[in-house]
*Asks:* 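Provided herewith is a single structure, encoded as C-alpha cells, for subsequent inquiry.
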2 protein chains.
Amino acid sequence: MLRSYVIDEKGKEHIFLFAPENWVMTDSTARNTPCKLFIDAIENSEVYILEKGKEDKIELQKILNRLEALQNRVLMMMCSTALERYEHFIKTYPKIIQRVPQRMIASYLGITPEALSKVKGKPKK
Amino acid sequence: MLRSYVIDEKGKEHIFLFAPENWVMTDSTARNTPCKLFIDAIENSEVYILEKGKEDKIELQKILNRLEALQNRVLMMMCSTALERYEHFIKTYPKIIQRVPQRMIASYLGITPEALSKVKGKPKK
DNA sequence: TCAAAGCATTAATCTAGATTAAGATTTCGG
DNA sequence: CCGAAATCTTAATCTAGATTAATGCTTTGA
C-alpha cells in the first residue's frame, strides 16, 4: 500500500491517493516540471517502476479508471460535506479503511482528524 | 467554449471543467454507468464527437494533460483558500476569465458568487 | 425607449469545520 | 512488562465562506 501526498506552504500534509495492490501510483505533473507529490509506502510493498515518458506502456483502461477516480474526487470535494465524503469513502473503499490510520483517512478526505472523529459519532440518518 | 457541471441533490450547479478551443470534453464515468456531468456550450462552438469506447483514438498526450489538470484541481481544492484558488485560476487561465461570467468562475472555484466578489476586493498581498 | 429579468456587489448573520487544548487509549522498544 | 510516544477522542472557541437580503447595473426584447 502506497500513499501520495503534498505538503502545503504551512507544512501540512494532504493525501492525494492511496494505492493498494495493482494500482498505478504516479505524480501526473508534466515532464520538465518539478513534481508536487511525495510517495511513500505505508505497508511493505512490491513496486514496479515505469520510467517517466513511458506512459504508453500503461494499459489504457487503467488510465481511464484514474480519470474516473479523479473526476469523482473533484466532484466530491466540491459538492459534499465531510460526513458525506466519509460515508462515500467507506462504501467505495471498505478494504482501505482496515489498513490505514484514521488521521490519513481524514487527510485524504480533506478534513482534520478531530473533524473525522466527530463525524464518525453521527447517526448516519 | 463548453462547460461540464454536476447538479447536486440540493439542485445546485458545480462546474467541473471549461473547454476552450481544442480541448477534449468528457464525462469519465465508467461505461454502463449513468453519466454524472451535464455539458453545454457557453459560446457558439464547433464540436467533434467521439464515440464512448473509442478513447484510444485520443492522443495520449491529451489524456496525460487531463490527468495533470485534475491532479492540480484536487490539490487546489484540498490545500488552498478561495483567494488562492482565484489567483491561481487567473494566472493559469487568463483567457477564460474574459469569456466566462463571474458566477461560473465562482462555481468552478467551488465558492459562491458573493464570496468571489469579496475576494476580488482584496489587496493581493 | 422603457420595463423586466438576469447579473454583480455589499453587508449582516449563520454554520461547518479548523484550531487549540485536555484527556484517554493504543503501540511498541527496551 | 513497563514507560514513552503516537494516536484517537472530546470539548471550547474561532473563522472562512455560506446564506440571506437589499441595492444598483447591464442586457434584452417588445
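Given the structure is predicted, the values throughout are model-derived calculations rather than measurements. Below, read A as the first sequence line, B as the second, and so on, with proteins coming before strands; counting in each chain starts at 1.
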*Asks:* How many whole angstroms separate atom CD of A:E13 from atom P of D:dA6?
*Replies:*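 For the pair A:E13 CD and D:dA6 P, the rounded distance is 14 Å.
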
*Asks:* Nearest whole Å is fine: how far is C:dT9 P from B:L116 CG?
*Replies:*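 So the two atoms are 8 Å apart, to the nearest Å.
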
*Asks:* Using a cut-off of less than 4.0 Å, is there contact between a side-chain N or O of B:K120 and OP1 or OP2 of C:dT9?
*Replies:*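 For C:dT9, OP1 or OP2 has a side-chain N or O of B:K120 closer than 4.0 Å.
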
*Asks:* Choosing from D:dA11, C:dA18, D:dC8, which nucleotide comes nearest the side chain of A:T112?
*Replies:*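 Of the options given, the side chain of A:T112 lies nearest C:dA18.
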
*Asks:* Can you measure B:R103 atom CZ to C:dA5 atom P for me and round it to whole angstrom units?
*Replies:*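 From B:R103 CZ to C:dA5 P: 17 Å.
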
*Asks:* Are the charged groups of B:R99 and B:E21 less than 4.0 angstrom apart, N to O?
*Replies:*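 Salt bridge: yes.
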
*Asks:* Among C:dG17, D:dA18, D:dA11, which nucleotide has an atom closest to any side-chain atom of B:K118?
*Replies:*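 Selected nucleotide (nearest to the side chain): D:dA18.
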
*Asks:* What nucleotide among C:dT9, D:dG17, C:dT19 has an atom nearest to a side-chain atom of B:A115?
*Replies:*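 For B:A115, the side-chain atoms sit closest to D:dG17.
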
*Asks:* Out of D:dC8, C:dT10, C:dA8, which has the shortest distance to the side chain of B:E114?
*Replies:*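 That would be C:dT10.
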
*Asks:* Just how far, in rounded Å, is P of D:dA18 from NZ of B:K10?
*Replies:*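 Spelled out: NZ on B:K10 to P on D:dA18 is 11 Å.
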
*Asks:* Without decimals, in angstroms, what is the distance between B:L109 CG and D:dG17 P?
*Replies:*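 Atom-to-atom, B:L109 to D:dG17, this comes out as 11 Å.
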
*Asks:* Among D:dC8, C:dA8, C:dG17, find the nucleotide with the atom closest to the side chain of A:S117.
*Replies:*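 From the listed options, D:dC8 comes nearest.
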
*Asks:* State, to 0.1 Å, how close B:S80 and B:R85 come at their nearest heavy-atom pair, and which atoms those are.
*Replies:*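 So the two residues come closest at O-NH1, 2.7 Å.
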
*Asks:* Identify the two heavy atoms, one from A:L60 and one from B:E55, that lie closest to each other, and give their separation to 0.1 Å.
*Replies:*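 Heavy-atom minimum between the residues: CD2-C, 4.1 Å.
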
*Asks:* For A:E68 and B:S28, work out which heavy atoms get closest and say how close.
*Replies:*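 Looking at all heavy atoms of both residues, the shortest contact is CB-O, 3.3 Å.
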
*Asks:* B:M77 has an atom CE; how far is it from atom P of C:dG17, in whole Å?
*Replies:*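 Spelled out: CE on B:M77 to P on C:dG17 is 13 Å.
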
*Asks:* Could you give the NZ-to-C1' distance, from A:K12 to C:dA18, as a whole number of Å?
*Replies:*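 These atoms are roughly 7 Å apart.
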
*Asks:* Using whole Å, report how far CG of B:D8 lies from P of D:dA18.
*Replies:*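 In whole Å, D:dA18 P and B:D8 CG are 13 Å from each other.
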
*Asks:* So which nucleotide from C:dA18, C:dA8, D:dT10 ends up closest to the side chain of A:I111?
*Replies:*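 Among the listed nucleotides, the one closest to the side chain of A:I111 is C:dA18.
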
*Asks:* What's the shortest heavy-atom distance between A:M78 and B:Y108, and which atoms?
*Replies:*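 Shortest heavy-atom contact: CE-O, 3.8 Å.
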
